[in-house]
Peer 1: 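Before I ask anything, let me first share the structure, which is written out below as structure tokens.
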Amino acid sequence: MKKTALIMAGGKGERFWPKSRINLPKQFLSLTGDGKTMIQLTVERISSIVDIKDVYVATNQLYKNLVLEQLQGIPEENILCEPVGKNTAPCIGLGAIHAHVHHDDAIMIVLPSDHLIKNQKAFVETLREACDVAEKGENLVTIGITPNYPETGYGYIHYDKQNCLLSANAVKKFVEKPNIELAEEYLKSGEYLWNSGMFVWKVSTILHNYKELMPDIYEGLCTIQNSIGTDSYTEILNKEFQTFRSESVDYGIMEHAKNIYSLPGNFGWDDVGSWLAVGRIKENDVNGNIVNGNVVTVDTKDCIIEGQDKLIATVGLCDIVIVDTKDAILVCDKKSTGNIKKVLSQLRDLDKICYL
């Protein structure tokens, strides 16, 4: 069966400020030291399954040219510009109707643009297995991540060990981000996966679920679909998309649908959610530091220092993040990286939007 992919690339990457900016967010940056951006790596790792001409990218109009520059060979009409961010349910629905128009029915792989995968071979094998499960019937497949510690920042997938289809397990339920006690229970039980936000299904299956579970959005999607390829497409897209409620596909569909299966992902996944991820994806020096740029350290341990041409010298620091860019410097305790968004909020309040 034909394979297509939807890459979700509309996020602002605010927790990676000051490198990630409105005009150049995280997914269009290279964070791995190989010169390839995150969205390039995302598309590259599925190239053996999905041809670039069958890849769709859901993003903001502001980033259309970035997508064209970074993804050589992608058809311009496959760049789906959302008029406004409405969370993942409208975004995925938009991708599904475009795939439906071009292919009638096909397998649809949905991936965020800002994940990193260390074991590409294992990842592709898992995706192929997910495609097989999706093709077997009206099945919705989610790829979870086998947890190796009690993470409280992710949602979890509770799966049924006794109910299998091929190599996938039926999903009992999706659960919200737990407290540490619950996270420890989930880890100990061996029946939970982290919810990674990666999905596989047939276009016909997901559209049927929109019709059944989100009929208001489905009606608008049908109106948009009828305009694809016409001069009125942009006008109708803007009009209908504005009316959609902001909803995640997890809450709108996955928590209520039938025939949901999950595959465990054991391929070195990282969602690169904050600067702390740099410490997981790059090699530390003998003092546990991650250093890039013109940097000198003295009695400095377990720090992340991202510099440029300007010399950064540190003395007696521990567990600090320092990021230097042309017009801004971030100095942050590792424990406080989740609060970087508050800096951006203050910049807006102070009308210093040139730094966003």
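Predicted, not measured: the structure shown is a model, and the values here were computed from it.
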Peer 1: Please test Glu306 against Asn292 for side-chain hydrogen bond (donor to acceptor under 3.5 Å, both in side chains), starting from the C-alpha separation and ending with a verdict.
Peer 2: CA-CA 5 Å; Glu306 286 278 330; Asn292 182 48; 3.3 Å; yes
Peer 1: According to salt bridge (charged side-chain N to carboxylate O under 4.0 Å, His left out), who are the partners of Lys352, at least two apart in sequence or on a separate chain?
Peer 2: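 With neighbours one apart ignored, the set is empty.
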Peer 1: So which pairs with a foot in residues 115-138 pass ring pair (Phe, Tyr, Trp, His ring centres under 6.0 Å), sequence neighbours left out?
Peer 2: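 As it turns out, the ring pair (Phe, Tyr, Trp, His ring centres under 6.0 Å) pairs with a partner in residues 115-138, which skip direct neighbours, are His115-Trp269, Phe123-Phe267.
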Peer 1: What pairs with Asp324 under side chain to side chain contact (heavy atoms under 4.5 Å, CB included), at least two apart in sequence or on another chain?
Peer 2: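 Only Gln308, Lys310, Ile312, Ile329 meet the side chain to side chain contact (heavy atoms under 4.5 Å, CB included) criterion with Asp324.
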Peer 1: So which heavy atom on Lys26 is nearest to which on Val272, and how close?
Peer 2: NZ-O, 2.8 Å
Peer 1: With sequence neighbours excluded, tell me which residues meet side chain to side chain contact (heavy atoms under 4.5 Å, CB included) with Ser47.
Peer 2: none
Peer 1: Can you confirm whether Ser196 sits close enough to Asp271 that some side-chain heavy atom of one is under 4.5 Å from a side-chain heavy atom of the other?
Peer 2: no
Peer 1: With sequence neighbours left out, what residues match Glu283 under salt bridge (charged side-chain N to carboxylate O under 4.0 Å, His left out)?
Peer 2: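 In terms of salt bridge (charged side-chain N to carboxylate O under 4.0 Å, His left out), with neighbours along the sequence ignored, Glu283 is linked to no residue.
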Peer 1: Please enumerate all residues that pass salt bridge (charged side-chain N to carboxylate O under 4.0 Å, His left out) together with Lys86, with sequence neighbours excluded.
Peer 2: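 If we apply the salt bridge (charged side-chain N to carboxylate O under 4.0 Å, His left out) test to Lys86, skipping adjacent residues, there are no hits.
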Peer 1: Sequence neighbours excluded, which residues qualify as salt bridge (charged side-chain N to carboxylate O under 4.0 Å, His left out) partners of Arg280?
Peer 2: Asp270
Peer 1: Of all heavy-atom pairs between Asp327 and Tyr355, which one has the smallest distance, and what is that distance?
Peer 2: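 In this case the closest contact between Asp327 and Tyr355 is O-CE2, 3.4 Å.
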Peer 1: Please output the side-chain donor-acceptor pairs of residues 231-240 that fall under 3.5 Å, not counting sequence neighbours, one pair per line with the distance.
Peer 2:
from, atom 1, to, atom 2, distance (Å)
Ser232, OG, Thr230, OG1, 3.0
Tyr233, OH, His98, NE2, 2.9
Asn238, ND2, Thr234, O, 3.2

Peer 1: Once you round to the nearest 0.5 Å, how far does CD1 of Ile290 lie from SG of Cys303?
Peer 2: 10.5 Å
Peer 1: Could you name each residue pair satisfying side chain to side chain donor-acceptor pair (under 3.5 Å) that touches residues 162-188, not counting sequence neighbours?
Peer 2: Glu129-Ser167
Peer 1: I'd like to know whether CD1 of Ile180 has more than 12 heavy-atom contacts from other residues, nucleotides or ligands below 6.0 angstrom.
Peer 2: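 Yes, because the 6.0 Å sphere around CD1 of Ile180 holds more than 12 heavy atoms from other groups.
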Peer 1: Can you find a pair of side-chain heavy atoms, one from Lys136 and one from Asp132, that are under 4.5 Å apart?
Peer 2: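 Not in contact.
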Peer 1: Determine all donor-acceptor pairs shorter than 3.5 Å in which one atom belongs to a side chain in residues 207-214; sequence neighbours excluded.
Peer 2:
from, atom 1, to, atom 2, distance (Å)
Asn209, ND2, Thr205, O, 2.9
Tyr210, OH, Ala89, O, 2.5
Tyr210, OH, Gly93, N, 3.1

Peer 1: For Asn284, which residues count as a side chain to side chain donor-acceptor pair (under 3.5 Å) partner, sequence neighbours excluded?
Peer 2: none
Peer 1: Tell me, which pairs form a side chain to side chain donor-acceptor pair (under 3.5 Å) where one or both residues lie in residues 3-17, sequence neighbours left out?
Peer 2: Glu14-Arg348
